[in-house]
Colleague: 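Okay, handing you the structure first.
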Amino acid sequence: MTNEIRPKIAKFQGDTLTVLQAPEFVSFQKGDWPVSGEKIPDLVALTMGFSVQEDLSWPGLQAGPLFQRPRANVLVVVRGVDSLALPQSVASYPLENPVPFTLDSVAETVHSLFAEDTPVVLQLAPSEERLYMLGKANAVFEDLPVTLQQIRARLSQDGSVLASLPLNSLSRNAEADLLFLSEVQVLHDITALLQRHRHLAKDHSPDLYSLELSGLEELSRLYGRDSAQYRDATAILASVLQKFGEDVYGLYGNSAVVEVVTVKTFEAPLTRKSRSILESKQISNPGSPYNLAYKYNFQYAVVFNIVLWLMIALALAVIATAYNLWNMDPGYDSIIYRMTNQKIRMD
């Protein structure tokens, strides 16, 4: 069953969270309720049916059926965009406090709950040449181009987006233009891989995609926001994102949530250590697939109290035993010495 979406074009100004696709059992309410950037991971977790440590008091998302969850959640962060005209969407909300965020907590939840299955957990930022993957579905995306050199080589191969996109003022030789086109190519390759491996979208384990695009930010820095290159790139990206959301939504049987976050600039830079996709299976901390320190667990207080009072009880037991042994009379309190005394008297 598909959502009823308004066919008119909506143009959103400023930092915005836009829901491109969502199944009917994930109820997004239309309204101008602002959402904080730091709450985006909790929002993604709730849409996937996971619990969060703190309640999200936000009226834009209503509670859905307990035993229904979407098969995938796809979050695309577009940096450096002032306005983005999207032909169709479910709902749109203003974004407050646009701080950098990651979906690491949601990824770890998926990995811990569905470690024996084949969940797709893909976090990608082509501009920073970093890719994070988890689970047994890694082999499917190992051929996905990550570095700029790999993506440039992919643009020259058959089936690249250069043959189908109206480049207009964009150049195939400019560095910033190639960065933007490479990000569009990555979106195309992700849907192409899912179409060739449809079994990943049909299993019962949920999938998570987090994509960060900064090509528009580089174009605005080089050419300016009033340039023809920036306008053409904005129109191309809006069309590509709309098709990308529809393709992913269809591949997952109309059971996927696709969100787009448009942010002009983050208030603080997001620094993260990059690594190759071949290192995704070599993790020093098995509990944290990103080689991070152990995070606080809400069960910590319970475990701490159990261990604390058990140690106190054992310590008191040891002290009481030692006290009784120290004040024991061997002749009266010990059967060994008592038998020894009798034997001596008999002799």
Side-chain angles (χ1 to χ4, degrees), residues 3-64 69-70 72-107 109 123 125 208-214 216-217 220 225 234 237-238 241-242 244-245 248-249 256-272:
N3 281 343
E4 293 183 0
I5 49 182
R6 294 178 294 179
K8 67 177 183 180
I9 296 177
K11 191 173 184 180
F12 310 116
Q13 298 288 337
D15 302 333
T16 309
L17 169 65
T18 302
V19 182
L20 282 182
Q21 301 286 346
E24 288 188 347
F25 54 84
V26 180
S27 180
F28 284 97
Q29 305 298 312
K30 294 181 175 63
D32 295 330
W33 300 296
V35 57
S36 177
E38 60 186 8
K39 295 297 183 180
I40 295 295
D42 291 344
L43 178 62
V44 173
L46 290 174
T47 59
M48 300 184 71
F50 302 144
S51 60
V52 295
Q53 295 185 5
E54 297 181 2
D55 293 336
L56 181 63
S57 57
W58 183 63
L61 177 64
Q62 290 189 348
R69 72 173 71 202
N73 189 290
V74 183
L75 176 66
V76 182
V77 179
V78 182
R79 292 165 46 184
V81 59
D82 227 354
S83 61
L84 194 61
L86 296 169
Q88 295 177 339
S89 63
V90 176
S92 180
Y93 311 98
L95 183 67
E96 290 184 342
N97 190 25
V99 295
F101 60 87
T102 65
L103 301 184
D104 290 350
S105 59
V106 186
T109 302
Q123 301 186 67
L208 177 67
Y209 300 84
S210 176
L211 312 174
E212 183 180 322
L213 310 179
S214 61
L216 285 179
E217 189 176 36
S220 64
R225 297 182 181 273
T234 302
L237 185 59
L241 285 177
Q242 188 71 55
F244 175 75
V248 172
Y249 188 68
V257 180
V258 183
E259 304 110 336
V260 176
V261 172
T262 57
V263 56
K264 185 176 180 180
T265 181
F266 283 120
E267 294 182 355
L270 175 62
T271 58
R272 201 171 182 184

Colleague: Looking just at side-chain N and O atoms, do Q53 and D42 make a donor-acceptor pair shorter than 3.5 Å?
Modeller: no
Colleague: Just how far is it from atom CD of Q21 to atom CD of Q88, taken to the nearest 0.5 Å?
Modeller: 7.5 Å
Colleague: D15 side chain to E96 main-chain N or O, any donor-acceptor pair under 3.5 Å?
Modeller: no
Colleague: With side chain to side chain contact (heavy atoms under 4.5 Å, CB included) as the test, would you mind laying out the steps for L43 and L17 before giving the verdict?
Modeller: CA-CA 11 Å; L43 178 62; L17 169 65; 3.5 Å; yes
Colleague: Are the side chains of V257 and P23 in contact, using a 4.5 Å heavy-atom criterion?
Modeller: yes
Colleague: Measure the spacing between OG1 of T262 and CG of L84 and express it to the nearest 0.5 Å.
Modeller: 6.5 Å
Colleague: Just wondering, do E259 and N73 contact through their side chains at under 4.5 Å, heavy atoms?
Modeller: yes
Colleague: In sequence, state the C-alpha distance, the side-chain angles, and the governing distance for V26 and V19, and then conclude on side chain to side chain contact (heavy atoms under 4.5 Å, CB included).
Modeller: CA-CA 11 Å; V26 180; V19 182; over 6 Å; no
Colleague: Please round to the nearest 0.5 Å and tell me the distance separating atom OG of S210 and atom CZ of F101.
Modeller: 7.0 Å
Colleague: Is there side-chain contact between K39 and N97, with at least one heavy-atom pair below 4.5 Å?
Modeller: no
Colleague: How long is the span from the CZ atom in F244 to the CG atom in L20, to the nearest 0.5 Å?
Modeller: 10.0 Å
Colleague: Would you say S27 and Q29 are linked by a side-chain donor-acceptor pair, where the criterion is simply a distance under 3.5 Å?
Modeller: yes
Colleague: Which of these passes side-chain contact (heavy atoms from CB on, under 4.5 Å) with V261: V35, V76, V77?
Modeller: V77
Colleague: Is a side-chain donor or acceptor of R225 paired with a backbone partner of G80 at a separation under 3.5 angstrom?
Modeller: yes
